[in-house]
Amino acid sequence: MEWVYVEDLKDHIGESVELRGWVWRSRSSGKISFVTFRDGTGFVQVVLERETLGDEKFKSVKRLPMETSIVVRGKVREEERAPGGVEILAEDVQVVHKPDEPYPITKPDHGIDYLFDRRHLWIRSRRQFHILRLRDKVIQAIRKFYWERNFVLIDTPIFTGAIGEAAGNLFELDYFDYGKVYLAQTGQLYLEAAALALGKVYNLGPTFRAEKSKTRRHLIEFWMNEAEVAYYGHEDNLKLQEDLVSYIVRYVLEHGLEHLEFLGRDIKKLEKVEPPFPRITYTEAVKLLKKKGFDIEWGDDFGGDEETAIAEEFEKPVFVTHYPRKAKAFYMQPDPENPDVVLCDDLLAPEGYGEIIGASERIADYNLLVERIKEFGLPLEAYDWYLDLRKWGSVPHSGFGLGVERTIAWIAGLEHIREAIPFPRTLYRVYP
RNA sequence: UCCGGCGUAGCUCAAUCGGUAGAGCGCCCGGCUGUUAACCGGGUGGUUGGAGGUUCGAGUCCUCCCGCCGGAGCCA
């Protein structure tokens, strides 16, 4: 008998098949019992009848505890009364492992701390199943987007010297006799080197921020997708970002619709995400916020409330461009028309999900970059190799970083980013 | 780090003004051939986060500590 996964059952209607998986829940009656069965690819209802299985077999399997692992053989049939429209009429059930203790996650009324203490088990639950499948789709979309455009994947290092966007917020480790090294906050500087070698490059991997951030938009360890392209200016950069984000949303709508529907996501809102995205300059955004009653002055950075207030003016993600030089990182190219602002953008997701991209054109001129490093009080010697990039064949180039979990949280409509990653690292949690 | 909230059965919560510690779910036993978080009957279950204090009497009030949740700052 052929071993079939739940996700492929629709191709086997009327056949007898073997399923290997686990009991999610079961409901038992006197002579019939319904098992919600899961195998990692989906959930399906298995019907156990006394008449089909015989008295003895039925008695032994009619009340299997949650998370009993079982192999089921039976007939696949369309059934209107079954959730999902397809069910299995069991002809044989073999128990692989029957738990001795009650499964700790039962009805959906547990507290968030209890659930995260049992994250290794919680990921078996339906909601988590759908979220993690969506995450997989988002990452598939990212890789496919760059692959289709002939970008080269550059895996940037996790251990780095003391360089990055800021000196603080770094996790410090001892590295043999070398001394202190730090966990990467960004692969950007390495991607800039790679862009000058390979043209169009990207990365996708974990990054670490030792920020004591305690909000629904922050993780200590999160995944970032960064891209960097030689000879790209500010405008090319914006175009690439809106193409990427639209591509991800379209891909998920096409390949992950059932997951979005399970999570109750408003699909119509996602369908509107097509290029071009609206744009607003920082200066215009400040005016808008003042009109809305915010106490903000030109030069201040935006907080979560400000970002939400800007984003709610638009149905699509919105670019906020041309931030004040002093509010942003040292490597950003000044606007030739106004040196107080830089050629950068933040992409704000709709519905209050905040910043999902930070981007800029990078400074190409050696002397200007040295000046900025000094101006920001950074140690010049740590940037030796980075400055080298401006010594030989320096060119204008631009890039950005996309926060993977924030993108997932937005697309999936999650209340908190911690559900968007299998095992979240938050301020007070590294277990499990 | 700062501000606010919470901590009671395995879980989610209730307990009036300071006056006998409760419910639902889970689990165990029994019943039921179409359940959808099944349902019905019975049973099981407590150092009220910890230490100290006020009081005739503290889950409830006070002090300190611990843990968690929400938010701020910072950021993707």
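Proteins come first, then strands; the chains are lettered A, B, ... in the order of their sequence lines, and each starts at number 1. Hydrogens, waters and symmetry mates play no part in the numbers below; they use all other heavy atoms, side chains included.
In this structure, CD of A:Glu306 is placed 14 Å from C1' of B:G71, rounded to the nearest angstrom. The interatomic distance linking A:Phe400 (CZ) with B:C75 (C1') rounds to 18 Å, in whole Å. For the pair A:Lys31 NZ and B:C39 P, the interatomic distance rounds to 22 Å; values are reported in whole Å. Taking atom OH of residue A:Tyr114 and atom P of nucleotide B:C13, one finds them 13 Å apart after rounding to whole Å. In this structure, A:Asp117 atom CG and B:C11 atom P are separated by 11 Å, rounded to whole Å. Between the P atom of B:A76 and the CZ atom of A:Phe208 lies a distance of 16 Å, rounded to the nearest Å. Residue A:Arg50 contributes atom CZ, which lies 10 Å from atom P of B:G31 at whole-angstrom precision. Rounded to an integer number of Å, the gap from NE2 of A:His218 to P of B:C74 is 10 Å.
Between the C1' atoms of B:G24 and B:A14, the separation comes to 11 Å (whole Å). Using C1' as the reference atom, B:A21 and B:U48 are 9 Å apart when rounded to the nearest Å. The same atom, C1', is picked in B:U35 and in B:A72; the two are 48 Å apart, to the nearest Å. B:G70 and B:A76: their P atoms are spaced 22 Å apart (whole Å). Taking atom C1' on both B:U1 and B:G22, the two are 40 Å apart, rounded to the nearest angstrom. Taking the P atom of each, B:G49 and B:U60 are spaced 8 Å apart, rounded to whole Å. Separation of the P atoms belonging to B:C25 and B:C40 is 8 Å when rounded to the nearest angstrom. Here, B:C2 and B:C74 have their C1' atoms 14 Å apart, quoted to the whole Å.
For the residue pair A:Ser360 / A:Arg362, a side-chain donor-acceptor distance below 3.5 Å is found, with atom types taken as modelled.
One finds the CG atom of A:Leu238 at 9.5 Å from the CD1 atom of A:Ile357 (value rounded to the nearest 0.5 Å). From A:Asp236, atom CG reaches atom CD of A:Gln241 across 11.0 Å, with rounding to the nearest 0.5 Å. Put simply, CG on A:Asp8 and OG1 on A:Thr41 are 7.0 Å apart, with the number rounded to the nearest 0.5 Å.
Heavy atoms of A:Leu219 sit under 4.0 angstrom from at least one base atom. As judged by a 4.0 angstrom heavy-atom cut-off over every strand, A:Glu355 is placed among residues touching the sugar-phosphate backbone only. At a threshold of 4.0 angstrom between heavy atoms, the contacts of A:Glu405 with the nucleic acid are absent. Heavy atoms of A:Asp301 sit under 4.0 angstrom from primed sugar atoms or phosphate atoms, though from no base atom. In this structure, A:Ile357 reaches the sugar-phosphate backbone alone: every heavy-atom distance under 4.0 Å involves primed, P, OP1 or OP2 atoms, never a base. Note on A:Gly111: only backbone sugar-phosphate atoms sit closer than 4.0 angstrom, heavy atoms only; bases stay farther off. Counting non-hydrogen atoms under 4.0 angstrom, A:Glu221 reaches nothing in the nucleic acid.
Because its NZ or CZ atom is both nearer than 6.0 Å to the ring centre of A:Tyr323 and within 45° of the ring axis, A:Lys328 counts as a cation-pi partner of that residue. Geometric assessment of A:Arg119 against the ring of A:Trp122 yields a positive cation-pi assignment under the 6.0 Å and 45° thresholds. Annotation: cation-pi pair A:Arg126/A:Phe43 present, NZ/CZ under 6.0 Å from the ring centroid and within 45° of its normal.
Comparing atom distances between the A:Arg77 side chain and each of B:C74, B:A76, B:G34 picks out B:G34 as nearest. Picking from B:C75, B:C69, B:C32 the nucleotide with the shortest atom distance to the side chain of A:Ser29 gives B:C32. Nearest nucleotide to the A:Asp113 side chain, out of B:C68, B:G34, B:C74: B:C68. Among the nucleotides B:U35, B:C68, B:G73, the one closest to any side-chain atom of A:Tyr428 is B:C68.
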Output a table of nitrogen or oxygen pairs between the protein and nucleotides 22-28 of chain B separated by less than 3.5 Å.
unit_1	atom_1	unit_2	atom_2	d
B:C25	O3'	A:Lys107	NZ	3.1
B:G26	OP1	A:Lys107	NZ	3.3

Strictly under 3.5 Å: I want the nitrogen or oxygen pairs between protein and nucleotides 41-47 of chain B, one per line.
none

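Looking at A:Thr156, A:Thr207, A:Thr186 one by one, the single match for side chain to side chain donor-acceptor pair (under 3.5 Å) with A:Glu226 turns out to be A:Thr186.
When side chains are defined from C-beta on, A:Pro104 counts as touching A:Leu121, because their heavy atoms get closer than 4.5 Å.
Evaluation of A:Phe34 against the base of B:G34 yields no stacking contact (centre distance < 5.5 Å, interplanar angle < 30° required).
A close approach under 4.0 Å does occur between a side-chain nitrogen or oxygen of A:Arg418 and OP1 or OP2 of B:G70.
Ion pairing between a basic and an acidic side chain is recognised when a charged N comes within 4.0 Å of a carboxylate O; A:Arg20 and A:Glu18 show such pairing.
Both key distances under 3.5 Å define a Watson-Crick or G-U pair, and stretches of 3 or more such consecutive pairs in RNA chain B run B:1-7 with B:66-72, B:10-13 with B:22-25, B:27-31 with B:39-43, B:49-53 with B:61-65.
For a distance-only test at 3.5 Å, the side chain of A:Arg209 fails to qualify as a donor-acceptor partner of the base of B:G73. For A:His110 against B:C11, a side-chain-to-base donor-acceptor contact under 3.5 Å is absent. Evaluation of atom-type donor-acceptor distances gives no pair under 3.5 Å for the side chain of A:Glu101 against the base of B:G10.
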